[in-house]
*Asks:* 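The structure under discussion is supplied below as structure tokens; questions concerning it will follow.
Just so it is clear, the model here is predicted, and its values are computed rather than measured.
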Amino acid sequence: MLKLSTWRTLITTSILLISWSVSAASSPPVIAAASDLQFALTEVAEDFTQESGQRIKLAFGSSGLFYRQIMQGGPFELYLSADEAYVERLAANGMTQDAGTLYALGRLALVIPDTTARKADEQLADMREGNVDNSIQRFAIANPEHAPYGQRAEEALRHIRLWDILKDRLVLGENVSQAAQFVATGNAQAGIVAYSLALAPALQEHTSMALLPAAWHQPLRQRMVLTNKAGPVSEAFYHYMQTPAARAVMQRYGFDLNSGE
């Protein structure tokens, strides 16, 4: 027969476990999202909450860094990557429910702060003519080591033979959102960032922008996937992202939604 103290211990432990379960259930799931989604996904999430009454917590950052965190057991229930290769690796390692789905094609844009006389040119013609030395001392892109938009920016600059000219003047953002901030604040005289960020009012107020040709770089196939930690709320948001209402918001921020699988 159990002693009274043992019963008390069991009851206390049970209460703590129940309290922890209720607390965990009431906490919104954490969604890992590429930083090019900062404005678009925030709007989609607000619409989702208004429609469903369910809340989610968005964490924005580099797709590569999120990939590493999920591989190490990070708490994310849904992962929206700017490069589908990271999702494919997670799926191959058994970290996700399936291979996920393509949700957009990203694009690159050249952005230049309004404080300079230069205006954004989609062909970067004036830079290609050699007018780089005096006018541009700092050129911002996301870090190509782990940010897909940085990798594609490097590809674009190499394609037009500007990489060797600009590589010693690069300022690297931890993610593409930080690279855009460098330009908006005048800490870089130009930069290549996500088109979705260049379209956001917060950036448009301080910069001129030009959409770069997609042929200059490999496609930015952006894929999302539910991790093995996913619960019903994150699953609901995953499906909401594929609705016409969510797609309409994404399209306003320049994402190509007609690419298919």
*Asks:* Taking all non-hydrogen atoms of both residues, which atom of Q189 and which atom of Q137 are closest, and how far apart?
*Replies:*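 What the structure gives for the nearest pair is OE1-N, 2.9 Å.
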*Asks:* Considering all heavy atoms of both residues, which atom of A184 and which atom of T207 are nearest to each other, and what is their separation?
*Replies:* CA-CG2, 4.2 Å
*Asks:* Treating S63 as the side-chain partner and A147 as the backbone partner, does any N or O pair qualify as donor plus acceptor under 3.5 Å?
*Replies:*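 No, the answer is negative, given that no donor and acceptor are paired below the 3.5 Å cut-off.
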*Asks:* Would you say L108 and L220 make side-chain contact, with heavy atoms under 4.5 Å?
*Replies:*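 The answer is yes; the side chains approach within 4.5 Å.
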*Asks:* Start with the C-alpha distance between S234 and I56, add both sets of side-chain angles, then the distance that settles side-chain contact (heavy atoms from CB on, under 4.5 Å), and finish with yes or no.
*Replies:* CA-CA 7 Å; S234 54; I56 59 172; 5.9 Å; no
*Asks:* Could you go through the side-chain contact (heavy atoms from CB on, under 4.5 Å) check for L90 and Y79 one step at a time?
*Replies:* CA-CA 10 Å; L90 288 175; Y79 173 47; 3.5 Å; yes
*Asks:* Answer yes or no: is there a side-chain heavy-atom contact under 4.5 Å between L80 and M241?
*Replies:*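 A side-chain contact under 4.5 Å exists here.
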*Asks:* Do you know the tightest heavy-atom contact between D36 and A82?
*Replies:*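 It is OD1-CB, 4.0 Å.
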*Asks:* Is there a side-chain contact between L105 and R221 (heavy atoms, below 4.5 Å)?
*Replies:* yes
*Asks:* Is there side-chain contact between I192 and Y149, with at least one heavy-atom pair below 4.5 Å?
*Replies:*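 A side-chain contact is absent here, since even the closest heavy-atom pair is not under 4.5 Å.
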*Asks:* Is F76 reachable from L37 through a run of hydrophobic residues whose side-chain heavy atoms are each under 4.5 Å from the next?
*Replies:* no
*Asks:* Hey, quick one: are F66 and L172 part of the same hydrophobic cluster, counting side-chain heavy atoms closer than 4.5 Å, chains of contacts allowed?
*Replies:* no
*Asks:* Using the rule that Ile, Leu, Val, Met, Phe, Trp and Tyr join whenever any side-chain heavy atoms are under 4.5 Å apart, tell me whether V176 and I31 fall into a single cluster.
*Replies:* yes
*Asks:* What's the shortest heavy-atom distance between L203 and A180, and which atoms?
*Replies:* CD1-O, 3.6 Å
*Asks:* How long is the gap from CD1 on I160 to CG on L212, to the nearest 0.5 Å?
*Replies:*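 Reported value, rounded in 0.5 Å steps: 7.5 Å.
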*Asks:* What closest approach, in Å, do V183 and A140 show between heavy atoms, and which atom pair accounts for it?
*Replies:*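 Closest approach of V183 to A140: CG2-CB, 4.0 Å.
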*Asks:* Taking CD in Q97 as the centre, count heavy atoms belonging to other residues, nucleotides or ligands within less than 6.0 Å. Is the count above 12?
*Replies:* yes
*Asks:* Is Q178 close to N175 at the side-chain level, that is, under 4.5 Å between some pair of heavy atoms?
*Replies:* yes
*Asks:* Could you give me the CA-CA distance, side-chain angles and deciding distance for E77 and L226, then say whether side-chain contact (heavy atoms from CB on, under 4.5 Å) is met?
*Replies:* CA-CA 6 Å; E77 297 191 15; L226 291 162; 5.9 Å; no
*Asks:* Side-chain contact, heavy-atom cut-off 4.5 Å: Y253 with E43?
*Replies:*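 They are in side-chain contact.
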*Asks:* Say whether V171 and W163 are linked into one hydrophobic cluster, either directly or through other cluster members, by side-chain heavy-atom distances under 4.5 angstrom.
*Replies:* no
*Asks:* Using every non-hydrogen atom in the two residues, find where M209 and A109 come nearest and quote the distance to one decimal.
*Replies:*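 Answer, listing the atom of M209 first, then A109: CG-CB, 3.8 Å.
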*Asks:* When rounded to the nearest 0.5 angstrom, what is the spacing between OG in S62 and CD in Q69?
*Replies:*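 If I round to the nearest 0.5 Å, the distance is 9.0 Å.
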*Asks:* Can you check side-chain contact (heavy atoms from CB on, under 4.5 Å) on R252 and L199, steps first, answer last?
*Replies:* CA-CA 9 Å; R252 283 198 287 104; L199 286 174; over 6 Å; no
*Asks:* Would you call K167-D164 a salt bridge at under 4.0 Å N-O?
*Replies:* yes
*Asks:* Any donor and acceptor pair, going by atom type alone, linking the side chain of D47 with main-chain N or O of A246 inside 3.5 Å?
*Replies:* no
*Asks:* Does the Q242 side chain pair with the main chain of Y238, one donor and one acceptor, at a distance under 3.5 Å?
*Replies:* yes
*Asks:* So V233 and P28, do their side chains get closer than 4.5 Å, heavy atoms only?
*Replies:* no
*Asks:* At what distance, to the nearest 0.5 angstrom, does CG of L157 lie from CG of L166?
*Replies:*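 If I round to the nearest 0.5 Å, the distance is 6.0 Å.
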*Asks:* Examine R138 relative to F182 and say whether NZ or CZ is less than 6.0 Å from the centre of the six-membered ring and inside a 45° cone about the ring axis.
*Replies:* no
*Asks:* Step by step, work out the salt bridge (Lys or Arg N to Asp or Glu O under 4.0 Å) result for R152 and E155.
*Replies:* CA-CA 5 Å; R152 300 300 180 264; E155 290 173 5; 3.3 Å; yes
*Asks:* So, Q151 side chain and P144 main chain: donor-acceptor pair closer than 3.5 Å or not?
*Replies:* yes
*Asks:* For the pair R107 (side chain) and L211 (backbone), establish whether a donor and an acceptor sit closer than 3.5 Å, ignoring hydrogens and angles.
*Replies:* no
*Asks:* To the nearest 0.5 Å, how far apart are OG1 in T96 and CZ in R89?
*Replies:* 14.0 Å
*Asks:* Look up atom CD in Q222 and atom CE in M250, then write down how far apart they are to the nearest 0.5 Å.
*Replies:* 7.0 Å
*Asks:* Between R223 (side chain) and G100 (backbone), is there a donor-acceptor pair under 3.5 Å?
*Replies:* yes
*Asks:* Do M95 and M71 have side chains that get closer than 4.5 Å, going by heavy atoms?
*Replies:* yes
*Asks:* Look up atom CZ in R247 and atom OH in Y240, then write down how far apart they are to the nearest 0.5 Å.
*Replies:*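 Rounded to the nearest 0.5 Å, the CZ-OH separation comes out at 12.5 Å.
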*Asks:* Would you please classify the geometry between the Y67 ring and the Y86 ring as parallel, tilted or perpendicular, with 30° and 60° separating the classes?
*Replies:*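 Ring orientation, 0 to 90° scale: tilted.
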*Asks:* Kindly work out whether a path of hydrophobic side-chain contacts (I/L/V/M/F/W/Y, heavy atoms less than 4.5 Å apart) joins V44 to M224.
*Replies:* yes
